[in-house]
2 protein chains.
Amino acid sequence: MSADQVTDTEFDIPLQQMVTFRLSRVHAKLNAQAARILKETAGISLSQWRIFVMIESHGKITPAQIVKRTDFDKGQVSRTVKGMLREGLISVEGSESDQRSHTVEFTDNGFAIFQQARPAMRARQNALLGSLTASERQVMFTAMDKLELAMEQIEDESQS
Amino acid sequence: MSADQVTDTEFDIPLQQMVTFRLSRVHAKLNAQAARILKETAGISLSQWRIFVMIESHGKITPAQIVKRTDFDKGQVSRTVKGMLREGLISVEGSESDQRSHTVEFTDNGFAIFQQARPAMRARQNALLGSLTASERQVMFTAMDKLELAMEQIEDESQS
DNA sequence: ATCGTTTAGTTGATCCGTCAACTTTTTTGT
DNA sequence: ACAAAAAAGTTGACGGATCAACTAAACGAT
(Lines give C-alpha, C1' and ligand atoms only; values in the text may rest on other atoms or scores of the structure.)
Protein backbone atom coordinates (compact mmCIF):
# COMPACT_ATOMS: atom_id res chain seq x y z
CA MET A 1 0.00 0.00 0.00
CA SER A 2 2.48 2.56 -1.13
CA ALA A 3 2.14 2.60 -4.88
CA ASP A 4 -1.06 4.56 -5.22
CA GLN A 5 0.23 8.05 -5.74
CA VAL A 6 1.76 9.63 -8.81
CA THR A 7 -0.55 7.66 -11.05
CA ASP A 8 -2.98 10.56 -11.08
CA THR A 9 -3.78 12.38 -14.25
CA GLU A 10 -4.65 15.79 -12.89
CA PHE A 11 -1.60 17.16 -14.60
CA ASP A 12 -2.52 19.42 -17.45
CA ILE A 13 0.31 21.91 -17.52
CA PRO A 14 2.32 20.67 -14.55
CA LEU A 15 3.24 17.65 -16.59
CA GLN A 16 5.65 20.00 -18.24
CA GLN A 17 7.27 20.70 -14.96
CA MET A 18 8.04 17.04 -14.75
CA VAL A 19 11.26 17.37 -16.70
CA THR A 20 12.95 19.54 -14.17
CA PHE A 21 11.21 18.00 -11.17
CA ARG A 22 12.16 14.57 -12.32
CA LEU A 23 15.72 15.50 -13.04
CA SER A 24 15.99 17.22 -9.74
CA ARG A 25 14.77 14.18 -7.87
CA VAL A 26 16.98 11.74 -9.69
CA HIS A 27 19.92 14.00 -9.07
CA ALA A 28 19.11 14.29 -5.39
CA LYS A 29 18.85 10.55 -4.99
CA LEU A 30 22.04 9.88 -6.90
CA ASN A 31 23.84 12.40 -4.78
CA ALA A 32 22.53 11.09 -1.52
CA GLN A 33 23.47 7.55 -2.42
CA ALA A 34 26.96 8.47 -3.52
CA ALA A 35 27.45 10.47 -0.36
CA ARG A 36 26.31 7.56 1.77
CA ILE A 37 28.60 5.07 0.03
CA LEU A 38 31.57 7.39 0.30
CA LYS A 39 30.98 7.99 3.94
CA GLU A 40 30.61 4.31 4.70
CA THR A 41 33.50 3.02 2.63
CA ALA A 42 36.05 5.79 3.05
CA GLY A 43 34.70 8.42 5.37
CA ILE A 44 34.95 11.15 2.78
CA SER A 45 32.44 13.59 1.36
CA LEU A 46 31.20 13.83 -2.18
CA SER A 47 33.12 17.06 -2.70
CA GLN A 48 36.30 15.40 -1.57
CA TRP A 49 35.65 12.47 -3.88
CA ARG A 50 35.27 14.81 -6.80
CA ILE A 51 38.55 16.50 -6.06
CA PHE A 52 40.18 13.07 -5.87
CA VAL A 53 38.71 12.08 -9.22
CA MET A 54 40.07 15.22 -10.79
CA ILE A 55 43.51 14.66 -9.35
CA GLU A 56 43.48 11.09 -10.52
CA SER A 57 42.46 11.85 -14.06
CA HIS A 58 44.78 14.79 -14.44
CA GLY A 59 47.66 14.31 -12.04
CA LYS A 60 48.94 17.38 -10.24
CA ILE A 61 46.35 20.02 -10.78
CA THR A 62 45.54 23.50 -9.56
CA PRO A 63 42.19 24.50 -8.12
CA ALA A 64 41.67 26.82 -11.06
CA GLN A 65 42.06 23.95 -13.49
CA ILE A 66 39.54 21.93 -11.54
CA VAL A 67 37.11 24.80 -11.71
CA LYS A 68 37.59 25.16 -15.45
CA ARG A 69 37.04 21.50 -16.12
CA THR A 70 34.10 20.91 -13.87
CA ASP A 71 32.28 24.19 -13.30
CA PHE A 72 32.48 23.59 -9.58
CA ASP A 73 32.35 26.69 -7.51
CA LYS A 74 35.69 28.37 -6.85
CA GLY A 75 34.87 28.91 -3.23
CA GLN A 76 33.79 25.39 -2.62
CA VAL A 77 36.89 23.96 -4.24
CA SER A 78 38.98 26.21 -2.04
CA ARG A 79 37.22 25.09 1.12
CA THR A 80 37.21 21.42 0.16
CA VAL A 81 40.91 21.52 -0.62
CA LYS A 82 41.56 23.19 2.69
CA GLY A 83 39.68 20.47 4.50
CA MET A 84 41.49 17.73 2.65
CA LEU A 85 44.81 19.31 3.52
CA ARG A 86 43.84 19.44 7.15
CA GLU A 87 42.94 15.76 7.02
CA GLY A 88 46.15 14.90 5.21
CA LEU A 89 44.39 13.56 2.13
CA ILE A 90 46.27 15.74 -0.29
CA SER A 91 49.39 17.86 -0.33
CA VAL A 92 50.05 21.17 -1.99
CA GLU A 93 53.07 22.40 -3.80
CA GLY A 94 53.49 26.04 -4.68
CA SER A 95 53.78 26.61 -8.39
CA GLU A 96 56.98 28.51 -9.03
CA SER A 97 55.68 30.11 -12.18
CA ASP A 98 52.69 31.68 -10.48
CA GLN A 99 52.90 32.86 -6.93
CA ARG A 100 49.15 32.90 -6.51
CA SER A 101 48.65 29.30 -7.36
CA HIS A 102 49.52 25.85 -6.12
CA THR A 103 49.07 22.32 -7.33
CA VAL A 104 47.38 19.65 -5.29
CA GLU A 105 48.27 16.00 -5.23
CA PHE A 106 47.47 12.78 -3.40
CA THR A 107 49.25 11.98 -0.21
CA ASP A 108 49.91 8.27 0.24
CA ASN A 109 47.22 8.17 2.83
CA GLY A 110 44.82 10.10 0.61
CA PHE A 111 45.41 7.75 -2.27
CA ALA A 112 44.81 4.76 -0.04
CA ILE A 113 41.53 6.21 1.10
CA PHE A 114 40.57 7.01 -2.46
CA GLN A 115 41.27 3.40 -3.38
CA GLN A 116 39.11 2.27 -0.54
CA ALA A 117 36.09 3.98 -2.01
CA ARG A 118 36.71 3.02 -5.60
CA PRO A 119 35.34 -0.51 -5.79
CA ALA A 120 31.95 0.48 -4.44
CA MET A 121 31.81 3.60 -6.57
CA ARG A 122 32.91 1.71 -9.62
CA ALA A 123 30.34 -1.00 -8.99
CA ARG A 124 27.68 1.60 -8.60
CA GLN A 125 28.62 3.35 -11.80
CA ASN A 126 28.52 0.08 -13.64
CA ALA A 127 25.16 -0.78 -12.17
CA LEU A 128 23.81 2.60 -13.18
CA LEU A 129 25.24 2.56 -16.67
CA GLY A 130 24.36 -1.08 -17.08
CA SER A 131 20.74 -0.37 -16.40
CA LEU A 132 20.59 1.66 -19.58
CA THR A 133 21.02 0.45 -23.10
CA ALA A 134 23.77 1.95 -25.20
CA SER A 135 21.31 4.00 -27.15
CA GLU A 136 19.60 5.22 -24.01
CA ARG A 137 22.94 6.41 -22.70
CA GLN A 138 23.62 8.06 -25.99
CA VAL A 139 20.29 9.83 -26.11
CA MET A 140 20.62 10.88 -22.52
CA PHE A 141 23.88 12.64 -23.23
CA THR A 142 22.69 14.41 -26.33
CA ALA A 143 19.51 15.37 -24.51
CA MET A 144 21.50 16.94 -21.70
CA ASP A 145 23.63 18.78 -24.23
CA LYS A 146 20.52 20.10 -25.87
CA LEU A 147 19.03 21.16 -22.57
CA GLU A 148 22.14 23.13 -21.74
CA LEU A 149 22.04 24.80 -25.11
CA ALA A 150 18.37 25.63 -24.77
CA MET A 151 19.09 27.14 -21.39
CA GLU A 152 21.71 29.42 -22.81
CA GLN A 153 19.28 30.67 -25.40
CA ILE A 154 16.72 31.40 -22.74
CA GLU A 155 19.38 33.44 -20.97
CA ASP A 156 20.01 35.42 -24.10
CA GLU A 157 16.37 36.18 -24.66
CA SER A 158 15.61 37.34 -21.18
CA GLN A 159 18.65 39.58 -21.08
CA SER A 160 18.30 41.35 -24.38
CA MET B 1 36.66 32.11 -25.99
CA SER B 2 35.09 29.89 -23.40
CA ALA B 3 34.56 26.58 -25.17
CA ASP B 4 38.01 25.07 -24.97
CA GLN B 5 37.65 22.81 -21.97
CA VAL B 6 35.86 19.48 -21.61
CA THR B 7 37.01 18.45 -25.07
CA ASP B 8 39.94 16.56 -23.59
CA THR B 9 40.20 12.83 -23.91
CA GLU B 10 42.26 11.95 -20.86
CA PHE B 11 39.28 10.21 -19.36
CA ASP B 12 39.80 6.50 -19.09
CA ILE B 13 37.58 5.45 -16.23
CA PRO B 14 36.35 8.86 -15.17
CA LEU B 15 34.33 8.97 -18.33
CA GLN B 16 32.01 6.72 -16.42
CA GLN B 17 31.62 9.33 -13.80
CA MET B 18 30.30 11.57 -16.47
CA VAL B 19 26.74 10.33 -16.08
CA THR B 20 26.38 11.62 -12.58
CA PHE B 21 28.67 14.60 -13.09
CA ARG B 22 26.81 15.61 -16.16
CA LEU B 23 23.43 15.18 -14.57
CA SER B 24 24.56 17.11 -11.58
CA ARG B 25 25.73 20.01 -13.67
CA VAL B 26 22.64 20.16 -15.82
CA HIS B 27 20.55 20.05 -12.71
CA ALA B 28 22.53 22.83 -11.08
CA LYS B 29 22.20 25.05 -14.10
CA LEU B 30 18.50 24.38 -14.49
CA ASN B 31 17.97 25.16 -10.85
CA ALA B 32 19.98 28.33 -10.90
CA GLN B 33 18.15 29.58 -13.95
CA ALA B 34 14.73 28.80 -12.57
CA ALA B 35 15.64 30.50 -9.33
CA ARG B 36 16.83 33.58 -11.16
CA ILE B 37 13.70 33.83 -13.29
CA LEU B 38 11.44 33.37 -10.29
CA LYS B 39 13.25 36.00 -8.33
CA GLU B 40 13.14 38.48 -11.17
CA THR B 41 9.57 37.96 -12.27
CA ALA B 42 7.84 37.31 -8.98
CA GLY B 43 10.30 37.64 -6.15
CA ILE B 44 9.76 34.10 -4.96
CA SER B 45 12.08 31.17 -4.35
CA LEU B 46 12.16 27.87 -6.15
CA SER B 47 10.79 26.11 -3.09
CA GLN B 48 7.90 28.50 -2.97
CA TRP B 49 7.25 28.00 -6.65
CA ARG B 50 7.10 24.26 -6.16
CA ILE B 51 4.57 24.58 -3.39
CA PHE B 52 2.50 26.83 -5.64
CA VAL B 53 2.63 24.30 -8.43
CA MET B 54 1.42 21.59 -6.10
CA ILE B 55 -1.43 23.72 -4.84
CA GLU B 56 -2.41 24.59 -8.35
CA SER B 57 -2.45 21.06 -9.64
CA HIS B 58 -4.21 19.65 -6.63
CA GLY B 59 -6.22 22.44 -5.04
CA LYS B 60 -6.30 22.58 -1.26
CA ILE B 61 -3.58 20.28 -0.12
CA THR B 62 -1.83 19.31 3.10
CA PRO B 63 1.93 19.38 3.54
CA ALA B 64 1.89 15.62 3.99
CA GLN B 65 0.25 15.18 0.60
CA ILE B 66 2.87 17.39 -0.99
CA VAL B 67 5.59 15.29 0.57
CA LYS B 68 4.01 12.08 -0.69
CA ARG B 69 3.67 13.33 -4.21
CA THR B 70 7.01 14.98 -4.60
CA ASP B 71 9.48 13.41 -2.19
CA PHE B 72 10.38 16.86 -0.95
CA ASP B 73 11.74 16.93 2.54
CA LYS B 74 9.14 17.20 5.28
CA GLY B 75 11.12 19.80 7.11
CA GLN B 76 11.70 21.93 4.11
CA VAL B 77 8.05 21.89 3.16
CA SER B 78 7.21 22.94 6.68
CA ARG B 79 9.64 25.84 6.61
CA THR B 80 8.69 26.96 3.13
CA VAL B 81 5.00 26.93 4.04
CA LYS B 82 5.75 28.93 7.13
CA GLY B 83 7.59 31.51 5.09
CA MET B 84 4.81 31.73 2.53
CA LEU B 85 2.28 32.23 5.28
CA ARG B 86 4.35 35.02 6.74
CA GLU B 87 4.48 36.66 3.34
CA GLY B 88 0.77 36.21 2.79
CA LEU B 89 1.21 34.02 -0.26
CA ILE B 90 -0.92 31.20 1.05
CA SER B 91 -3.48 30.64 3.77
CA VAL B 92 -4.02 27.66 5.99
CA GLU B 93 -7.22 26.09 7.14
CA GLY B 94 -7.23 23.54 9.93
CA SER B 95 -8.61 20.24 8.84
CA GLU B 96 -11.48 19.37 11.17
CA SER B 97 -11.01 15.65 10.68
CA ASP B 98 -7.39 15.71 11.79
CA GLN B 99 -6.23 18.09 14.44
CA ARG B 100 -2.60 17.70 13.49
CA SER B 101 -3.06 18.74 9.92
CA HIS B 102 -4.04 21.72 7.88
CA THR B 103 -4.62 22.43 4.22
CA VAL B 104 -2.87 25.21 2.39
CA GLU B 105 -4.31 27.33 -0.35
CA PHE B 106 -3.58 30.39 -2.47
CA THR B 107 -4.36 33.80 -1.11
CA ASP B 108 -5.50 36.22 -3.79
CA ASN B 109 -2.18 37.94 -3.56
CA GLY B 110 -0.32 34.65 -3.71
CA PHE B 111 -2.21 33.58 -6.78
CA ALA B 112 -1.49 36.90 -8.46
CA ILE B 113 2.20 36.47 -7.78
CA PHE B 114 2.10 32.91 -9.02
CA GLN B 115 0.50 34.16 -12.23
CA GLN B 116 3.22 36.72 -12.58
CA ALA B 117 5.87 34.05 -12.75
CA ARG B 118 3.98 31.69 -14.99
CA PRO B 119 4.58 33.12 -18.45
CA ALA B 120 8.33 33.10 -18.09
CA MET B 121 8.34 29.69 -16.49
CA ARG B 122 6.01 28.32 -19.10
CA ALA B 123 8.11 29.76 -21.89
CA ARG B 124 11.19 28.25 -20.37
CA GLN B 125 9.59 24.86 -20.04
CA ASN B 126 8.50 24.99 -23.64
CA ALA B 127 11.94 26.03 -24.76
CA LEU B 128 13.50 23.20 -22.83
CA LEU B 129 11.05 20.56 -23.94
CA GLY B 130 11.04 21.94 -27.45
CA SER B 131 14.76 21.47 -27.73
CA LEU B 132 14.26 17.74 -27.48
CA THR B 133 12.52 15.49 -29.92
CA ALA B 134 9.56 13.48 -28.72
CA SER B 135 11.59 10.34 -28.66
CA GLU B 136 14.42 12.00 -26.79
CA ARG B 137 11.95 13.10 -24.15
CA GLN B 138 10.57 9.62 -24.01
CA VAL B 139 13.96 7.99 -23.66
CA MET B 140 15.01 10.51 -21.07
CA PHE B 141 12.08 9.63 -18.86
CA THR B 142 12.51 5.91 -19.14
CA ALA B 143 16.22 6.32 -18.55
CA MET B 144 15.56 8.24 -15.37
CA ASP B 145 13.12 5.57 -14.26
CA LYS B 146 15.73 2.95 -14.87
CA LEU B 147 18.36 4.88 -13.00
CA GLU B 148 16.10 5.13 -10.00
CA LEU B 149 15.42 1.43 -10.13
CA ALA B 150 19.09 0.61 -10.46
CA MET B 151 19.79 2.78 -7.46
CA GLU B 152 17.31 0.89 -5.35
CA GLN B 153 18.97 -2.37 -6.25
CA ILE B 154 22.35 -1.01 -5.27
CA GLU B 155 20.83 -0.08 -1.92
CA ASP B 156 19.58 -3.61 -1.47
CA GLU B 157 22.93 -5.15 -2.24
CA SER B 158 24.99 -3.00 0.02
CA GLN B 159 22.64 -3.50 2.93
CA SER B 160 22.24 -7.25 2.82
C1' DA C 1 -10.71 1.38 26.73
C1' DT C 2 -5.94 1.61 26.50
C1' DC C 3 -1.25 0.98 25.19
C1' DG C 4 1.87 0.79 21.34
C1' DT C 5 2.51 2.31 16.75
C1' DT C 6 2.11 5.25 13.00
C1' DT C 7 1.46 9.79 11.00
C1' DA C 8 1.63 15.19 10.72
C1' DG C 9 4.19 18.71 11.52
C1' DT C 10 7.98 21.58 13.78
C1' DT C 11 12.59 22.54 14.90
C1' DG C 12 17.72 22.27 15.19
C1' DA C 13 22.20 20.84 13.25
C1' DT C 14 25.00 20.31 9.51
C1' DC C 15 26.59 20.29 4.92
C1' DC C 16 26.40 21.74 0.11
C1' DG C 17 25.85 25.30 -3.49
C1' DT C 18 25.88 30.02 -4.94
C1' DC C 19 27.09 34.70 -4.89
C1' DA C 20 29.76 38.59 -3.86
C1' DA C 21 33.65 41.08 -1.78
C1' DC C 22 38.28 41.15 -1.19
C1' DT C 23 43.68 40.37 -1.59
C1' DT C 24 47.44 39.26 -4.21
C1' DT C 25 49.72 38.29 -8.37
C1' DT C 26 49.98 38.18 -13.30
C1' DT C 27 48.98 39.86 -17.81
C1' DT C 28 48.02 43.33 -21.20
C1' DG C 29 47.83 47.64 -23.67
C1' DT C 30 49.94 51.77 -24.60
C1' DA D 1 57.53 50.86 -17.48
C1' DC D 2 53.28 51.34 -15.63
C1' DA D 3 48.46 51.65 -14.94
C1' DA D 4 44.34 48.95 -15.81
C1' DA D 5 42.28 44.62 -16.29
C1' DA D 6 42.07 39.83 -15.50
C1' DA D 7 43.00 35.65 -12.91
C1' DA D 8 43.87 32.64 -8.49
C1' DG D 9 42.44 31.95 -4.07
C1' DT D 10 40.20 33.05 0.31
C1' DT D 11 36.44 34.22 3.06
C1' DG D 12 31.69 35.56 4.62
C1' DA D 13 26.83 35.31 3.99
C1' DC D 14 22.77 33.07 2.83
C1' DG D 15 19.52 29.88 1.12
C1' DG D 16 18.68 25.00 0.04
C1' DA D 17 18.91 20.00 1.18
C1' DT D 18 19.33 16.30 4.48
C1' DC D 19 19.02 13.99 8.83
C1' DA D 20 17.49 13.35 13.33
C1' DA D 21 14.96 14.43 17.52
C1' DC D 22 10.84 15.87 19.22
C1' DT D 23 5.51 16.90 20.16
C1' DA D 24 0.99 15.92 19.43
C1' DA D 25 -2.75 13.61 17.38
C1' DA D 26 -4.86 9.46 15.25
C1' DC D 27 -5.10 4.62 14.55
C1' DG D 28 -5.21 -0.33 15.68
C1' DA D 29 -4.96 -4.44 18.09
C1' DT D 30 -6.11 -6.80 21.82
Side-chain angles (χ1 to χ4, degrees), chain A residues 1-2 5 20-21 24-36 38-40 43-51 61-86 92-104, chain B residues 1-2 5 20-21 23-36 38-40 43-51 61-87 92-104:
Chain A
M1 48 159 70
S2 68
Q5 67 274 54
T20 47
F21 273 38
S24 169
R25 216 182 66 190
V26 171
H27 161 77
K29 284 190 181 179
L30 283 169
N31 246 16
Q33 187 180 56
R36 187 182 58 75
L38 288 169
K39 192 173 163 196
E40 286 175 6
I44 62 177
S45 73
L46 189 48
S47 308
Q48 292 177 334
W49 170 258
R50 296 198 276 224
I51 300 294
I61 189 172
T62 66
Q65 286 174 304
I66 294 177
V67 167
K68 267 211 200 86
R69 288 173 172 263
T70 59
D71 272 5
F72 295 159
D73 182 73
K74 229 162 70 139
Q76 204 192 335
V77 170
S78 172
R79 272 184 258 256
T80 303
V81 163
K82 204 169 90 176
M84 292 173 86
L85 259 178
R86 204 184 335 99
V92 299
E93 185 176 335
S95 144
E96 70 289 339
S97 65
D98 188 336
Q99 289 306 113
R100 298 167 299 180
S101 191
H102 51 259
T103 57
V104 300
Chain B
M1 50 168 68
S2 68
Q5 67 273 55
T20 47
F21 273 37
L23 219 144
S24 172
R25 218 183 64 192
V26 171
H27 161 76
K29 284 190 181 180
L30 283 169
N31 245 17
Q33 187 180 57
R36 188 182 57 76
L38 288 169
K39 192 173 163 193
E40 285 175 5
I44 61 178
S45 73
L46 189 49
S47 307
Q48 292 176 334
W49 169 257
R50 296 199 276 224
I51 300 293
I61 188 172
T62 65
Q65 286 173 305
I66 294 177
V67 168
K68 267 212 199 87
R69 287 173 172 262
T70 60
D71 271 5
F72 295 160
D73 181 74
K74 232 162 69 138
Q76 205 193 333
V77 170
S78 172
R79 273 182 257 255
T80 304
V81 163
K82 204 169 92 177
M84 293 174 85
L85 260 178
R86 204 185 332 103
E87 297 176 40
V92 299
E93 186 176 334
S95 144
E96 71 288 340
S97 64
D98 189 335
Q99 288 306 113
R100 297 167 300 179
S101 190
H102 50 260
T103 58
V104 300

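Protein chains get the first letters and strands the later ones, always in sequence-line order, with residue 1 at the start of each. Given the structure is predicted, the values throughout are model-derived calculations rather than measurements. Values below: every heavy atom of this structure, side chains too, minus hydrogens, waters and symmetry copies.
- Comparing atom distances between the A:Ser47 side chain and each of D:dA8, C:dG17, C:dG9 picks out C:dG17 as nearest.
- Across the protein-nucleic acid pair, B:Arg36 atom CZ and C:dA20 atom P stand 12 Å apart, rounded to whole Å.
- For A:His102, there are no ring-ring contact (aromatic ring centres under 6.0 Å, His included) partners at least two apart in sequence or on another chain.
- Going from atom CG of B:Asn31 over to atom NE2 of A:His27 covers 7.5 Å, rounded to the nearest 0.5 Å.
- Residue B:Gln76 is the one, among B:Ala32 and B:Gln76, whose nearest nucleotide of DNA chain C lies closer to the 5' end (criterion: closest heavy atom).
- Between the CZ atom of B:Arg25 and the CG atom of B:Leu30 there is a distance of 11.5 Å, given to the nearest 0.5 Å.
- Rounded to an integer number of Å, the gap from A:Phe72 CZ to C:dC16 P is 13 Å.
- For the pair A:Lys29 NZ and D:dC19 C1', the computed distance is 17 Å after rounding to whole Å.
- Between B:Ile51 and B:Met84, some side-chain heavy-atom pair lies under the 4.5 Å cut-off.
- Going from atom NZ of A:Lys39 over to atom P of C:dC16 covers 10 Å, rounded to whole Å.
- For the pair A:Gln33 CD and D:dT18 C1', the interatomic distance rounds to 15 Å; values are reported in whole Å.
- Taking atom CD1 of residue B:Ile51 and atom P of nucleotide C:dG9, one finds them 11 Å apart after rounding to whole Å.
- Going from atom NE2 of B:His27 over to atom C1' of C:dG17 covers 9 Å, rounded to whole Å.
- A close approach under 4.0 Å does occur between a side-chain nitrogen or oxygen of B:Lys82 and OP1 or OP2 of C:dT11.
- Nearest heavy atoms, A:Ser45 versus A:Leu38: O-CD1, 4.0 Å.
- Regarding contacts with the backbone of C:dT7, every side-chain N or O of B:Ser101 stays at 4.0 angstrom or more from both OP1 and OP2.
- Heavy atoms of B:Ala35 sit nowhere under 4.0 angstrom from any nucleic acid atom.
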**OP:** Using the side-chain contact (heavy atoms from CB on, under 4.5 Å) rule, take B:Glu87 and B:Ile44 through it: C-alpha gap first, then chi angles, then the decisive distance, then the call.
**Re:** CA-CA 10 Å; B:Glu87 297 176 40; B:Ile44 61 178; 5.7 Å; no
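- Residue A:Arg79 places a side-chain atom within donor-acceptor reach of the base of D:dG12, judged by atom type and a 3.5 Å distance cut-off alone.
- A rotation axis mapping the C1' atoms of four pairs onto the next four is fitted at both ends of the helix from C:dA1-D:dT30 to C:dT30-D:dA1 over five pairs, and the angle between these axes is 30° to 10 degrees.
- Atom-to-atom distance recorded for B:Arg69:CZ and B:Ile61:CD1 is 5.5 Å, nearest 0.5 angstrom.
- Between atom OG of residue A:Ser101 and atom CD of residue A:Glu93 there is a gap of 11.5 Å, rounded to the nearest 0.5 Å.
- An OP1 or OP2 oxygen of D:dT10 is reached within less than 4.0 angstrom by a side-chain nitrogen or oxygen of A:Ser78.
- Put simply, CG on A:Leu38 is 11 Å from P on C:dC16, counting in whole angstrom units.
- Using a 4.5 Å heavy-atom threshold, the side chains of B:Arg50 and B:Thr80 count as separate.
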What nitrogen or oxygen pairs link the protein and nucleotides 21-27 of chain C at under 3.5 Å?
from   : atom 1 : to       : atom 2 : distance (Å)
C:dT25 : O2     : A:Arg100 : NH1    : 3.0
C:dT26 : OP1    : A:Gln99  : N      : 2.6

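- Distance from the side chain of B:Ala28 is smallest for C:dT18 among the nucleotides C:dT18, D:dG16, D:dG9.
- Closest to the side chain of B:Pro63, from the set C:dG9, C:dG17, D:dT18, is C:dG9.
- For the atom pair A:Asp98 CG and A:Thr103 OG1, the distance stands at 11.5 Å (nearest 0.5 Å).
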